[in-house]
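For the numbers below, each heavy atom of this structure counts, side chains included, while hydrogens, waters and symmetry mates do not.
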Amino acid sequence: MTEPRDIAAVFFDMDGTLIDSELNTEPAITSVCRELSLPNPALDYTAFYGWTWSSVVDAMVETEPAVADIPDLALRFHQAFHHLCLTRPSPPIAGAEDIIAAFSARIPVAIVSSTYRESIEATIMQLDLGELISCYVGAEDFERSKPAPDCFLHAAKLLDVEPSSCLVFEDSIAGLSAARAAGMWAVAITHCSNDIEGARQLGHLAIDNYALLDEGFVASACRASQQDDQ
C-alpha cells in the first residue's frame, strides 16, 4: 500500500465520499419512475454510484428503450435526489470536515462530483466549507462521466496543477477508475462503497473513513516546498 507524496492539490468526490448521500439514489429514481408511470427498472442502483444522471438514463435505455423519449429525465432524477438531500441532509463521513480543513491550510482543495453544482453548493453550506474550498466541479462542467478522467483533469486545469501531483478521495469504482485514468493519486473511502474489494485494488490507499488516517498523513502528503511556506 503506497501513500501519496508531493501533492499540490487535493480533490474530494462528494456523494459517498464527503457525505453519506448515495442511499438517496434509489428513492430518487423510484419516485420519478412512479411520477411518470414508468416501470421501475430492474437495475443494481449501487452500480450508478459515481455516475452522472445522464449516464444513469443511458443505462436505463438499454433495458427500457422508451425512456429515451422522456425529455429532461436526467434533470428530473437530479431534482428528486437534490430534494431528498435538502429535506433529510446526509451525515458527513467521519472526519471529513477535519481533513478538508487540514489540507486547505496547506494546498488548494476542490470538490469534484458527478452531481449538479447546486447540490455541491448545498453540501458546502451544510458542512460550512465555503472558506476551505478553492473551487468545485459538477456535472455541468465536463462531458464524459466517470470513469472517464474528464472531471478531475478539469479541476487540475482550473487550479493550474499537474495531474500527477493531485490526490483524489473517492468511494465509487467509477470515481477511483477516473482518478487513476487521470494519472492521479487515489485514496478509496470504503464507508459507502458498493465494492470494497474493488475499491481497495484501485486505491493507492484504502480506509473506511478519514478519522482512521494517521495523524501525520496530511503533512507527509503535501508538497514539501508548500509545507515550508507555512
Looking only at heavy atoms, the pair that brings Leu84 and Ala28 closest together is CD1-N, 3.8 Å
Measure the spacing between CG of Asn209 and CD1 of Ile189 and express it to the nearest 0.5 Å. 7.5 Å
Quick one: does any side-chain atom of Thr123 pair with a main-chain N or O of Ser119 as donor and acceptor, under 3.5 Å? yes
Candidate pair Phe152 and Lys157, rule side-chain contact (heavy atoms from CB on, under 4.5 Å), full reasoning: CA-CA 9 Å; Phe152 293 123; Lys157 185 176 181 179; over 6 Å; no
Would Leu202 and Leu205 show up in the same hydrophobic cluster when neighbours are defined by side-chain heavy atoms closer than 4.5 Å? no
Following the transitive rule for hydrophobic clusters with a side-chain heavy-atom cut-off under 4.5 Å over Ile, Leu, Val, Met, Phe, Trp and Tyr, establish whether Ile19 and Ile124 coincide in one cluster. yes
Looking only at heavy atoms, what is the nearest atom pair of Pro147 and Ser177, with distance? CB-CB, 3.8 Å
Main-chain N/O of Trp51 paired with Ser55 side-chain donor or acceptor, under 3.5 Å: no
Is the distance between the ring centroids of Trp53 and Tyr116 less than 6.0 Å? no
Between atom CD1 of Ile133 and atom OG of Ser104, what is the distance when rounded to the nearest 0.5 Å? 7.0 Å
Contact between Ile7 and Arg106 at the side-chain level, heavy atoms closer than 4.5 Å - yes or no? no
Should Asp195 and Glu197 be marked as a side-chain contact (heavy atoms from CB on, under 4.5 Å) after you check the CA-CA gap, both sets of side-chain angles, and the distance that decides it? CA-CA 6 Å; Asp195 182 352; Glu197 185 54 37; 4.2 Å; yes
Is there a side-chain contact between Val67 and Glu64 (heavy atoms, below 4.5 Å)? yes
Measuring from atom CG of Asp208 to atom CD1 of Ile196, what distance do you get when rounded to the nearest 0.5 angstrom? 7.5 Å
Between Cys166 and Ala156, the two heavy atoms sitting closest are SG-CB, 4.1 Å
Exceeds 12 heavy-atom contacts within 6.0 angstrom, atom CD of Glu143: no
Could you check if a side-chain atom of Ser193 sits within less than 4.5 angstrom of a side-chain atom of Arg200, using non-hydrogen atoms only? no
When rounded to the nearest 0.5 angstrom, what is the spacing between SG in Cys192 and CG in Asp171? 6.0 Å
Leu159 side chain reached by Cys135 side chain, heavy atoms, under 4.5 Å: yes
Answer with yes or no whether the side chains of Tyr136 and Glu121 bring together a donor and an acceptor at under 3.5 Å. yes
Write down the atom of Ser114, the atom of Phe142, and the distance for their closest heavy-atom approach. CA-CZ, 4.2 Å
Going from CG on Leu153 to CZ on Arg144, what distance comes out if it is rounded to the nearest 0.5 angstrom? 8.5 Å
Transitive ILVMFWY side-chain link Ile173 to Phe11, under 4.5 Å: no
Look up atom NE2 in His204 and atom CG in Leu167, then write down how far apart they are to the nearest 0.5 Å. 9.5 Å
So does Asp69 have more than 12 non-hydrogen atoms from other groups sitting under 6.0 Å from CG? yes
Looking only at heavy atoms, which two atoms of Arg180 and Gly203 are closest? And how far apart? NH1-C, 4.2 Å
Under a 3.5 Å threshold, yes or no: a donor from one side chain and an acceptor from the other, between Ser90 and Asp20? no
Scanning both residues in full, the closest heavy-atom pair of Thr115 with Glu140 reads O-OE1, 4.4 Å
Should the ring pair Phe12 and Phe103 be called parallel, tilted or perpendicular, given that the plane angle runs from 0 to 90° and is split at 30 and 60? perpendicular
Which is it for Arg117 and Asp141 under the side-chain contact (heavy atoms from CB on, under 4.5 Å) test, yes or no, and what are the steps along the way? CA-CA 9 Å; Arg117 292 171 65 88; Asp141 300 312; 2.8 Å; yes
Does any part of the side chain of Met184, heavy atoms only, come nearer than 4.5 Å to the side chain of Ser164, both counted from C-beta? no
Indicate if Ile111 and Val168 have the same hydrophobic cluster label, given that clusters are the connected sets of ILVMFWY residues with side-chain heavy-atom separations under 4.5 angstrom. no
State plainly whether one hydrophobic cluster holds both Leu18 and Val109, where clusters connect Ile, Leu, Val, Met, Phe, Trp and Tyr through side-chain heavy atoms under 4.5 angstrom apart. yes
With side chains defined as the heavy atoms from C-beta onward, is the minimum distance between Met60 and Cys33 less than 4.5 Å? yes
Using side-chain heavy atoms (C-beta onward) and a distance below 4.5 Å, is Ile120 in contact with Val137? no
Can you name the residues that form a ring-ring contact (aromatic ring centres under 6.0 Å, His included) with His191, not counting sequence neighbours? none
Which is it for His154 and Asp150 under the side-chain contact (heavy atoms from CB on, under 4.5 Å) test, yes or no, and what are the steps along the way? CA-CA 6 Å; His154 181 65; Asp150 299 32; over 6 Å; no
Do Ile93 and Tyr210 make a side-chain contact, defined as non-hydrogen atoms from C-beta onward lying under 4.5 Å apart? yes
